[in-house]
Number of protein chains: 2
Amino acid sequence: MMLMDDLEQARLTREGISIVTTAKTGPKTRARFRREAPEDRRRQLGEAALRCIVKHGNAGVSVRQIAAEAGVTQGLITHHFGEINELVAYAFDIMSEGILQSILKAVNEAEPTPKARLDAFIAASFSPIMMDRDVLGVWVVFWSLILHSPRMSASQRQEYGDYVRTVEGLIGDLAREEGFAVADLRLAAIAFTALMDGLWLAWCLNPDAFRPEEGVRLCNNWIEGLRRGAHG
Amino acid sequence: MMLMDDLEQARLTREGISIVTTAKTGPKTRARFRREAPEDRRRQLGEAALRCIVKHGNAGVSVRQIAAEAGVTQGLITHHFGEINELVAYAFDIMSEGILQSILKAVNEAEPTPKARLDAFIAASFSPIMMDRDVLGVWVVFWSLILHSPRMSASQRQEYGDYVRTVEGLIGDLAREEGFAVADLRLAAIAFTALMDGLWLAWCLNPDAFRPEEGVRLCNNWIEGLRRGAHG
DNA sequence: AGAAAAATTATACGATCTTATAACAAGCAG
DNA sequence: CTGCTTGTTATAAGATCGTATAATTTTTCT
């Protein structure tokens, strides 16, 4: 999962020392540990959760597996998050924010014209970082939770809103620059978002269906329809 | 889950008799049962699986829960499907086929003009039967399996192909009738499918984002773009 | 230095899950 | 009516899961 590479860090490998010393020093030695700021620990656990979900899908959402992945004991998750669902929701926030930031970075590095910025947005959305089945694997787990958990649902509403507003800005700027009209900017942004998400989903489920470049072209065609007043 | 209503049947409620009679007749009484044709039983189990997934999401995919839902014992699932994933894959086939048939029925009941048929297709895709979060709940479980199981992946490829070809036919007929050109019909169908799926997904995750009628309008706008040569 | 606070380990408990296996019963063939 | 096939129940074994609780170590603060 390429998106995660940035986030990954050298993580604490739990020392087997306690086991070795147990025989020597006595039966009551404990594993040594480093105490970390709650904020850091929470993030470590969140990233470990993402890695587990990538590797094992829904089955990866487990206190024991995530704790092992993070190199800590199970109780730590209870301590920092209370119940495991809270940890997963936190992981969802990390993931969402990471993706949006990654795309926004590409947009802001483009030339400051509306067209160039929109192109960068589309290109970033179909870059290898996004066209990754593992990312869908994670997303799918989140979706199923969103449907049942109010906490997750609230996060999703927030992230989706941010995303659509971003698209709204990009499209609005283009329309102003090129002088065409859009009847309902918010709805147009929703449609464009849906088109991109739908293409991404279809590709992840069946990468043979079309090539990413074709996805980019189809998005540009939608923009072309907007230019020609299809949403007037 | 409205789509399931058609499939639901009065199901065997397991008699507690065996427990009661145990005290009277002796310790060795067994539950009475009806023997059914493997084909029937498999379908019953498949439908029970769908009901469980609707109710409990991923957690519903469990031998015990599905067996209880179907009013049989656990061993029966092992007997008919071997491992549980095979049962879920079977449930996926039932579901996919049901949805496509449901939409095609609406299309074929419309007036035989390309425009009317396409309208019916869109309307059916945004009808209350489809705009149901429970349906996404089931689909999400399937997607996660598609990513990991070749068996499920093969089914998905087949269903997706059928779906896109249907859209291709509808759009192609309209283009011919109205006399506009489409450069790549297959790609256009993929885009339109993605737009509809993306809107459906967004709505299911967050029903407050837009109304189904607005979804229909956004689809029509896309068609309007096609008319105006955005995909030429 | 020493005590208080907070992070972390360690462990246990009860529930649920998957799979395997043996016993039983329903329906069909003769 | 009898016996065979197999759908079905019943039960057990072993793994894993979530959460609670107590003991211990690290860090901080005075």
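Lettering follows sequence order; numbering is per chain, from 1.
Here the CG-SG distance, from A:Asp132 to A:Cys204, works out to 7.0 Å after rounding to the nearest 0.5 Å. Rounded to the nearest 0.5 angstrom, A:Met131 CE and A:Arg211 CZ are separated by 12.0 Å. To the nearest 0.5 angstrom, B:Phe192 atom CZ is 4.0 Å from B:Ile122 atom CD1.
Counting non-hydrogen atoms of other residues, nucleotides and ligands closer than 6.0 Å to CD of A:Glu39 gives a total of 12 or fewer.
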Check: residues 75-89 of chain A side-chain donor-acceptor pairs under 3.5 Å, at least two apart:
{"from": "A:Glu86", "atom 1": "OE2", "to": "A:Arg151", "atom 2": "NE", "distance (Å)": "2.8"}

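Look at CD on B:Glu36: it is 15 Å from C1' on D:dT9, rounded to the nearest Å. Look at CD on A:Glu39: it is 17 Å from C1' on D:dT27, rounded to the nearest Å. Rounded to whole Å, atom C1' of D:dT16 lies 13 Å from atom NE2 of A:His56. Whole-Å rounding puts the A:Leu45 CG to C:dA7 C1' distance at 12 Å. In this structure, the CZ atom of B:Phe81 is 13 Å from the P atom of D:dG7, given to the nearest Å. Atom pair A:Asp40:CG and C:dA7:C1' shows a separation of 13 Å (rounding to whole Å applied). The distance between atom CD1 of A:Ile77 and atom P of C:dT9, rounded to the nearest whole Å, is 11 Å.
For A:Glu168, the side chain to side chain contact (heavy atoms under 4.5 Å, CB included) partners at least two apart in sequence or on another chain are A:Val164, A:Arg165, A:Leu185, A:Arg186, A:Ala189.
Residue B:His79 places none of its side-chain N or O atoms closer than 4.0 Å to OP1 or OP2 of D:dT8. Close to D:dT6, at under 4.0 Å from its OP1 or OP2, lies no side-chain N or O of B:His80.
Taking a cutoff of 4.0 Å between a charged side-chain nitrogen and a carboxylate oxygen, A:Arg43 and A:Glu47 qualify as a salt bridge.
The side chain of B:Leu76 has D:dG7 as its nearest neighbour among D:dG7, C:dT8, C:dA10. Closest approach to the A:Thr73 side chain among C:dC17, C:dT9, C:dA7 is made by C:dT9 (side chain taken as heavy atoms from C-beta onward). Distance from the side chain of A:Arg30 is smallest for D:dA23 among the nucleotides D:dT9, D:dA23, D:dT8. Taking only side-chain atoms of A:Arg41, from C-beta outward, the nucleotide of D:dG7, C:dC17, C:dT8 with the closest atom is C:dT8.
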Would you tabulate the pairs of protein nitrogen or oxygen atoms and nucleotide nitrogen or oxygen atoms of nucleotides 18-21 of chain D closer than 3.5 angstrom?
{"from": "D:dG18", "atom 1": "OP2", "to": "A:Val63", "atom 2": "N", "distance (Å)": "2.7"}
{"from": "D:dG18", "atom 1": "N7", "to": "A:Arg64", "atom 2": "NH1", "distance (Å)": "2.6"}
{"from": "D:dG18", "atom 1": "O6", "to": "A:Arg64", "atom 2": "NH1", "distance (Å)": "3.4"}
{"from": "D:dG18", "atom 1": "O6", "to": "A:Arg64", "atom 2": "NH2", "distance (Å)": "3.0"}

